[in-house]
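Worksheet: the structure to be examined is printed underneath.
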Protein chains: 2
Amino acid sequence: MALEHAILVSLLEQPGSGYELARRFERSIGYFWTASHQQIYRVLARMEADGRLLVREVEQQGRPDKKEYSVAGPGRAALAEWLHKPIEPESLRHDLAVKIRGAAFDDPAALVREVERHRQAHHERLAHYLAGEARDFTGPEAPAPLDPGQELQHVVLRGGIAYERMTIAWLDDVLDTLHRLAGPRPGPAA
Amino acid sequence: MALEHAILVSLLEQPGSGYELARRFERSIGYFWTASHQQIYRVLARMEADGRLLVREVEQQGRPDKKEYSVAGPGRAALAEWLHKPIEPESLRHDLAVKIRGAAFDDPAALVREVERHRQAHHERLAHYLAGEARDFTGPEAPAPLDPGQELQHVVLRGGIAYERMTIAWLDDVLDTLHRLAGPRPGPAA
DNA sequence: CAGGCCATGTAACTGGTTACATGATTAG
DNA sequence: CTAATCATGTAACCAGTTACATGGCCTG
């Protein structure tokens with residue numbers, strides 16, 4: 001149930017509406033957790049009903065009104081409790097790896113394009129993360145001595161960067177392997 | 001719905017019972033997908049009802065009878081269709097990263113033990129993967145020229161190894177960061 | 001005789017995805 | 001006029017987790 005906790009962390013960093021949270025989940029929080037707006041609204045409603053969040057209706061001009069959520073005492077307590085409770089190290093879940101193994105029962109060469117597409121997507125994510133890192137942490141615009149919250153955000157982002165780099169390198173390995181299997185094909189003209 | 005496809009791949013590699021599949025999901029397939037026996041039995045029943053799998057009751061001596069599943073024509077067709085259809089590159093979901101960012105609102109030092117525990121778990125997984133690699137692919141017992149299926153299994157395993165190594169390095173980075181934040185603590189005796 | 005492995009399942013619940021639904025404002 | 005952005009939600013479905021349930025065989 002980490003979505004609740006991710007929301008608590010995000011709202012502690014900065015109160016905001018469901019819509020704003022959904023956008024954050026596409027950016028910074030999305031480095032390590034994703035959620036759709038539908039899911040977010042549902043969970044926000046439940047958390048407010050449970051007394052973990054406070055809502056404030058904010059009128060805006062030129063835009064729809066919004067509900068600004070912030071963390072209530074019990075919410076903060078729930079987060080603290082979770083932080084002190086050990087969690088299971090999680091395992092990978094990678095559809096593409098299923099496909100790669102499945103290629104043995106199909107044409108391996110047919111997978112090249114798909115793998116290249118994924119490589120491209122990870123490359124774009126990496127560029128996006130690096131831009132964010134320069135903007136918020138290492139660039140000339142960034143605050144010189146980072147506060148603890150920023151240091152922690154930075155180390156999480158470094159994890160995202162390391163993940164994308166590793167994945168790109170692995171997909172190159174996969175492409176090499178697929179080419180090797182397709183190149184010297186066992187045909188009659190071998 | 002990649003569990004169905006993972007099951008199809010595994011049964012194409014080798015027919016087997018639900019119990020055997022559950023064990024494979026703890027080993028080789030578990031490099032990139034996990035599933036509990038409950039889930040597997042449920043999905044197997046559905047796939048058989050849909051005509052994607054065949055069952056054969058196998059009597060055994062000294063053990064309970066088992067149902068051996070194998071892939072039927074429509075199952076193979078369903079796999080082929082999925083293999084040719086693009087899928088979305090997936091994003092990370094990492095609870096521990098939520099905790100790390102949450103530590104800004106708690107005591108960062110209190111997280112050290114938890115991170116060390118995770119580091120340890122990933123270290124063990126890495127050792128397990130490396131042992132499997134030596135046994136099946138690179139060691140003296142391994143078949144000299146690997147067939148395409150084995151090449152593909154190997155490249156997926158290399159992905160798991162790269163992931164574990166990357167994660168361990170990142171967790172070291174996280175530990176450094178936590179120590180830096182806790183070390184020069186902003187107390188009255190600073 | 002206790003514990004672990006082999007083997008199969010049901011039931012209830014929780015979390016996540018997809019599809020549907022509405023409606024105002026602003027920029028091109 | 002059209003598309004994008006802001007803003008909030010409901011409903012149905014699918015996937016995954018947790019708890020419960022059974023029972024024989026083998027090893028120590």
Review point. Of A:R119, A:R158, A:R125, which meets salt bridge (charged side-chain N to carboxylate O under 4.0 Å, His left out) against A:E164?
Key: A:R125
Point to revise | Separation of D:dA15 P from B:E90 CD (nearest whole Å) | key: 15 Å
Practice item. Ignoring backbone atoms, test whether A:S36 places a side-chain nitrogen or oxygen under 4.0 Å from the OP1 or OP2 oxygen of C:dG16. Key: no
Check your understanding: Closest nucleotide of DNA chain C for B:Y69 versus for A:Q39: which of these residues is on the 5' side?
Key -> B:Y69
Exercise for review: Could you tell me whether B:R93 and A:E90 make a salt bridge, using a distance below 4.0 angstrom between a side-chain N and a carboxylate O?
Suggested key: no
Practice item. Verify the contact: side-chain N or O of B:S17 to OP1 or OP2 of C:dT8, cut-off strictly under 4.0 Å; return yes or no. Key: yes
Practice item. Measure from CD on A:E48 to P on D:dT8 and round the result to the nearest Å. Key: 13 Å
Point to revise | Residue met sooner reading DNA chain D from 5', once B:T34 and A:D65 are mapped to nucleotides | key: A:D65
Review point. With respect to the phosphate group of C:dT8, does any side-chain polar atom (N or O) of B:Y19 fall under 4.0 Å of OP1 or OP2?
Key: no
Practice item. Send over the distance from A:R24 CZ to D:dC6 P, rounded to a whole Å. Key: 14 Å
Exercise for review: Please test A:Y69 against A:L53 for side-chain contact (heavy atoms from CB on, under 4.5 Å), starting from the C-alpha separation and ending with a verdict.
Suggested key: CA-CA 6 Å; A:Y69 289 91; A:L53 298 181; 4.0 Å; yes
Practice item. Please state whether the phosphate of C:dT25, meaning OP1 or OP2, lies under 4.0 angstrom from any side-chain nitrogen or oxygen of A:R63. Key: no
Review point. Is there a donor N/O on one and an acceptor N/O on the other, under 3.5 Å, for the side chain of A:R42 and the base of C:dG16?
Key: yes
Check your understanding: What is the distance from CD of A:E26 to P of D:dC6, rounded to the nearest Å?
Key -> 10 Å
Check your understanding: A:E68 CD to D:dC6 P: how many Å, rounded?
Key -> 16 Å
Check your understanding: Can you tell me how far P of C:dG9 sits from CD of B:E57, to the nearest Å?
Key -> 9 Å
Review point. Think B:Q38 has a side-chain N or O under 4.0 angstrom from the OP1 or OP2 of D:dA19?
Key: no
Practice item. Report yes if at least one side-chain N or O of A:R46 is closer than 4.0 Å to OP1 or OP2 of C:dG15; otherwise report no. Key: yes
Check your understanding: Can you list the steps and then say if A:Q14 with A:E20 is a side-chain contact (heavy atoms from CB on, under 4.5 Å)?
Key -> CA-CA 10 Å; A:Q14 175 82 46; A:E20 280 159 3; over 6 Å; no
Point to revise | B:I40 CD1 - D:dA15 C1' separation (whole Å) | key: 14 Å
Review point. B:W33 has a side chain; which of D:dG23, D:dT8, D:dG16 sits nearest to it?
Key: D:dG16
Point to revise | Sole residue of A:L181, A:L178, A:V174 in side chain to side chain contact (heavy atoms under 4.5 Å, CB included) with A:L111 | key: A:L178
**Study point:** Pairwise 5' ranking along DNA chain C for B:E20 and A:H37, keeping only the more 5' one
**Key:** B:E20
Review point. Can you name the one residue among B:R24, B:R23, B:Q153 that meets side chain to side chain contact (heavy atoms under 4.5 Å, CB included) with B:I29?
Key: B:R24
Check your understanding: Within the pair B:Q60 and C:dA7, is there a side-chain N or O less than 4.0 Å away from OP1 or OP2?
Key -> yes
Point to revise | Distance test, side-chain N/O of A:Y41 to OP1/OP2 of D:dT8, below 4.0 Å | key: yes
Exercise for review: To the nearest Å, give me how far apart CD (A:E59) and C1' (D:dA7) are.
Suggested key: 15 Å
